[in-house]
Structures are given as C-alpha cells and as structure tokens.
Amino acid sequence: MQIRNKLTYQFVGIVASVLLLATLTIFVLFAEFRERDFYIRLNEKAIATAKLLVDENDVDAALLKLIDKNLRGVLPQEKVIIFDSSGKEIYNTDDEKKIKVSKELITSIRLQKEVHLKQNDFEMLGLSYNYNNNNYIIVAAAIDIYGLRKLKFLSIVLLVVFLISIAAVYFSGWIYSGRALEPISKVVREVDSISVNNLNARVGEGNGQDEIALLAKTFNKMLERIEAAFNAQRAFVGNASHELRNPLSVIRGQLEVALMKPRDKKEYIETLESLLEDIKHLTIISNRLLSLAQVSGVGLIDPKNEIRIDELLLETREELLQSTPEYNINISFETSIENDDSLLFQGNERLLKIAFFNLMENGCKYSPDHSCLVDIGAEKENIVIRFSDKGVGIPADDLKNIFEPFYRGKNVIDRKGHGIGLSLVDKIVRLHGGSIAVDSTVKKGSVFTVKLPVT
Ligand code: ADP
C-alpha cells in the first residue's frame with residue numbers, strides 16, 4: 001500500500017474514532033436527558049392527580065376525569081390509573097385499556113416505591129403514595145412523541161454530520177498527505193531519471209533543512225562517490241588501453257619493416273629478439289593491470305596465510321635479481337625486532353610479493369647506483385619495512401600523486417615505466433590493513449615506509 005493511502009486511512013481512522021465517540025456521547029446523553037425529563041413530567045402528573053383525588057375531599061373520580069379531559073394534551077396519550085391500599089382500582093383514564101397493570105406490578109411498586117418500565121410505545125411510571133395511613137399506587141403512562149421525535153432528528157443530524165466529516169477528512173487527508181509526500185515523490189522522480197549517461201546530475205535539496213533534504217543530500221553524496229568511481233574506472237580503462245597500445249604499435253611496426261623485403265638470418269634473429277623484449281614488456285604491463293584490477297575490486301584478501309615477512313623479502317629480492325642482475329638490494333634487520341615471531345604476518349603472499357617487488361625495483365631503477373636498502377623493524381603493533389635509495393628523489397608536486405594509477409613523475413620521464421606499480425602497492429598494503437608513507441628529497445633519494453599491523 002502506498003504511504004499516501006496509509007497516511008490517509010490512518011488519519012481518517014483517528015478522526016472517525018474521535019467523532020464516533022463524540023457522536024455517541026451526545027446521543028446517549030440526550031437520550032438519557034429525554035427519558036429523565038419525561039419521567040419527571042410523568043411523576044408530576046401522577047402526584048398532581050393523586051393529590052386531587054386523594055387529598056381533596058371535594059373532588060371525586062368522575063370530576064377529576066372531567067378536569068383531566070379538559071387538561072388533556074399536557075402529555076401525549078396520557079393515562080393515569082390509581083389503586084387504593086387493597087389494590088382496588090379507584091381511578092383510570094385509560095378508556096381504551098391500552099395499559100395493563102398486573103398484580104405483580106402493583107406489589108413491586110409498593111415494595112420499590114418507584115418503578116420505571118415500558119409497555120408497547122408507552123413509558124410508564126409506577127409510584128407508591130401515602131396519605132392518611134393509606135397507601136395508594138399511581139401508574140402514569142404516556143408516549144413521549146415529541147421527545148422521541150427530537151431524538152430521531154438528532155440521530156439523523158449526528159449521522160449526516162459524521163458521514164460528511166469523514167468524507168471531508170478523507171479528501172483533506174488525501175490532499176494533505178499528497179502535499180507532504182510530494183518532495184519525496186520529486187526525489188524519486190529525479191533519482192529515477194539518473195543513469196550512467198548523466199551521473200553528474202544531482203537531486204534538488206529543497207529547503208536544505210528537513211528530513212527529505214537530508215535524504216536528497218545523502219543521495220547526492222552517494223552520486224558523487226559513484227560518479228568519482230565511474231570516472232576513475234573510465235580513466236583506468238583509457239590509460240590501460242593506452243599502455244597496451246604503445247608496445248603493440250611498436251611490435252606491429254617492427255614486423256611491417258621486417259616484412260618489407262627478404263632479409264638475412266641475422267636480421268631476422270635481431271628482429272625476433274627485439275620482439276621478444278617488447279612482448280616481455282607487454283606481459284609485465286598486462287600482469288600488473290590484472291593485479292591492479294584484482295585488488296581494486298576486492299575488500300578481502302584471499303587466500304590468507306601466515307607469512308614470515310623477512311623470508312618473503314629475501315625471496316622477492318632473489319626474483320628481482322634474477323630478472324635484473326645488475327640491481328643491488330641489501331636487507332638489514334633493526335634491533336627493534338625481539339624475535340622471529342614478531343615478523344609473522346597474516347596476509348596474501350602473492351600480493352605482498354608484488355608490492356615488495358615494485359618498491360625494491362623502483363629504488364634500484366631510479367638511483368644511479370641501482371641500489372636499494374631494505375630495513376626490517378618492529379613497532380608495538382606493526383611490522384615496519386623501509387625501502388631507501390639514494391636516487392633521483394621525487395619533487396614535492398609529484399609526491400601527492402605518485403599513488404594514483406598511471407601517474408608518472410616528471411623526474412623519471414626518461415626512464416621506462418607505466419605508473420601502475422605504486423598504486424598497486426598502495427592498494428595491496430591497504431587491503432592488508434597497513435599504510436604506506438614516502439619521504440623524499442630531490443637528487444638525494446627516497447624512503448618508502450610500509451607498516452603492516454601485527455594480527
Ligand atoms: P613507474 O615506476 O612505472 O613510473 P610507479 O607507480 O612505480 O610507476 O611509480 C610512480 C612514480 O613515482 C614514478 O613514475 C616516479 O615518478 C615516482 N617514484 C616511485 N618510486 C620512486 C623512487 N624510488 N624514486 C624516485 N621516484 C620514484
């Protein structure tokens with residue numbers, strides 16, 4: 001059910017309950033008032049008749065009836081019947097015999113002194129009246145035509161007012177809830193119109209203060225994040241294809257030149273060797289891109305094993321030296337390491353090796369002596385690994401960008417590279433709950449500090 005309908009029904013429900021309670025209270029109070037008022041009038045009539053008949057010696061039943069006939073109309077269809085102490089009827093104005101007074105009724109009136117009851121449309125009052133040690137029973141009855149008519153009219157008025165009020169409340173509730181919910185519907189329409197093609201669109205924030213404005217602001221913040229992620233993704237795809245296209249164009253060019261005319265065996269071997277070099281280069285790029293894509297999307301490291309960080313660093317060093325033997329990597333242990341166990345770390349061996357490889361490779365690649373020093377130390381809650389070199393250093397302008405994918409510093413334009421390594425390192429370290437910081441001075445060297453939390 002729509003919130004608009006729900007609100008309207010709830011509103012109508014509440015108002016209907018209050019109105020019904022008020023209507024019933026009015027009706028019941030009026031009905032009681034009419035009945036009480038009518039019995040008072042019956043009582044007055046009964047006492048007046050008894051007084052005339054019993055107290056006044058000069059008035060007998062026949063005379064009283066005559067008086068009564070002339071006064072008729074005080075109460076509609078009024079009947080008065082009086083019995084003496086022995087139960088004998090001494091006065092009766094009910095000529096049509098519409099009222100039946102049984103012996104039991106007389107007894108009960110004598111006992112209770114006053115009895116109210118109904119017979120057909122008549123409301124009857126039975127009274128016990130004492131005079132001169134005689135006990136008389138007076139029964140007065142009449143039909144409250146005017147009172148009942150008023151009660152009926154009142155009930156119709158109340159019902160009509162109730163129905164009209166409910167209809168009015170329903171329509172006003174429907175309009176009011178529609179108006180109250182309109183800003184939400186507006187937000188829904190606006191959000192609905194946003195797609196990949198117009199991610200820069202934003203939802204209107206209304207007055208900027210109420211809950212709906214808060215909702216719109218939250219949507220807008222989410223849209224900002226999605227847009228940023230989309231742009232980063234687009235840039236990544238653009239950069240990645242650019243990085244792959246370059247070596248592929250070189251390979252294609254080499255092949256076209258080689259095929260232009262027949263060549264001797266030596267030339268073919270040279271071309272093939274050069275192609276092999278380019279393909280190795282291409283493989284490195286695609287592997288790094290793949291790794292970057294893998295670590296960018298995941299929030300979990302899988303599989304996770306217990307690793308000895310120093311051993312992993314030694315293994316990585318061996319691999320790097322195998323591919324580039326002219327590099328020089330020294331690994332040293334700081335005194336802060338108390339025992340071997342403090343170098344145990346829960347992590348993904350393959351990913352951490354990629355990170356260490358990149359940091360060692362960069363240190364060697366960007367220093368004239370192709371050397372990198374790796375210090376392993378421990379803090380209270382971290383394993384600390386520092387990769388230092390005495391190389392070209394990084395200008396302050398570049399420092400804030402070097403962890404962005406495909407960013408290459410101005411200091412290394414003349415050297416080969418793709419700008420993928422450090423962004424990969426950063427993601428891998430963060431995926432392991434760690435942090436990476438860099439301290440660098442141009443022409444003096446750089447220090448990359450990786451901290452991995454001991455788990
Ligand atoms: P690449 O080395 O392929 O350019 P990276 O992502 O590994 O890509 O590094 C990004 C940039 O950071 C490099 O282009 C370079 O400007 C700078 N950089 C990284 N490591 C060093 C270092 N040890 N010394 C000087 N500059 C570095």
Side-chain angles (χ1 to χ4, degrees), residues 232 235-247 250 277-278 280-296 313 316-317 319-321 323-324 326-332 351-375 384-431 434-451:
F236 181 85
V237 173
N239 286 325
S241 46
H242 180 75
E243 285 299 322
L244 292 172
R245 210 174 43 214
N246 279 352
V250 174
E277 233 357 81
D278 288 331
K280 272 188 193 164
H281 183 59
L282 200 60
T283 315
I284 293 172
I285 302 173
S286 45
N287 279 346
R288 287 190 179 175
L289 282 175
L290 196 65
S291 305
L292 190 60
Q294 277 171 352
V295 293
S296 297
L313 282 164
T316 314
R317 172 178 176 260
E319 269 182 34
L320 181 56
L321 291 179
S323 66
T324 328
E326 66 267 31
Y327 285 173
N328 190 2
I329 301 153
N330 286 315
I331 298 182
S332 73
L351 293 178
L352 285 173
K353 198 184 260 183
I354 293 175
F356 296 158
F357 191 99
N358 274 293
L359 290 166
M360 286 179 191
E361 191 187 33
N362 278 354
C364 297
K365 194 162 74 172
Y366 298 128
S367 32
D369 61 353
H370 298 310
S371 302
C372 174
L373 175 67
V374 182
D375 284 305
V384 184
I385 313 143
R386 282 189 192 84
F387 300 82
S388 328
D389 64 72
K390 295 195 172 61
V392 292
I394 307 166
D397 271 5
D398 287 333
L399 267 180
K400 56 183 183 302
N401 296 318
I402 55 172
F403 293 104
E404 294 297 326
F406 304 101
Y407 188 85
R408 299 210 68 218
K410 293 183 272 300
N411 55 337
V412 297
I413 293 295
D414 53 334
R415 285 165 226 220
K416 272 193 175 178
H418 319 286
I420 306 171
L422 279 187
S423 68
L424 194 53
V425 174
D426 179 53
K427 290 214 165 67
I428 292 171
V429 170
R430 277 199 279 139
L431 213 55
S435 64
I436 180 163
V438 54
D439 185 16
S440 185
T441 314
V442 176
K443 290 191 184 145
K444 286 213 164 147
S446 315
V447 181
F448 286 85
T449 308
V450 172
K451 291 188 180 182

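Both ligands and their constituent atoms are indexed starting at 1 by order of listing.
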Pairs in or reaching into residues 398-413: which pass side-chain hydrogen bond (donor to acceptor under 3.5 Å, both in side chains), with residues at least two apart or in two chains? Y366-R408, D398-Y407, D398-K410
Do you know the tightest heavy-atom contact between N328 and L321? N-CD2, 4.5 Å
About how many Å separate OG of S286 and NE2 of H281, when rounded to the nearest 0.5 Å? 10.5 Å
Report the residues that fulfil salt bridge (Lys or Arg N to Asp or Glu O under 4.0 Å) with E277, sequence neighbours left out, ordered by chain and then residue number. none
Hits for salt bridge (Lys or Arg N to Asp or Glu O under 4.0 Å) against R288, two or more places apart or cross-chain, chain-then-number order -> E361
Compile the protein residues with any heavy atom at a distance under 4.0 Å from an atom of ligand 1; present them by chain, then by number. N362, G363, K365, Y366, D389, V392, G393, I394, I402, Y407, R408, G409, N411, V412, G417, H418, G419, I420, G421, L422, S446, F448
K365 versus T324: any side-chain heavy-atom pair under 4.5 Å? no
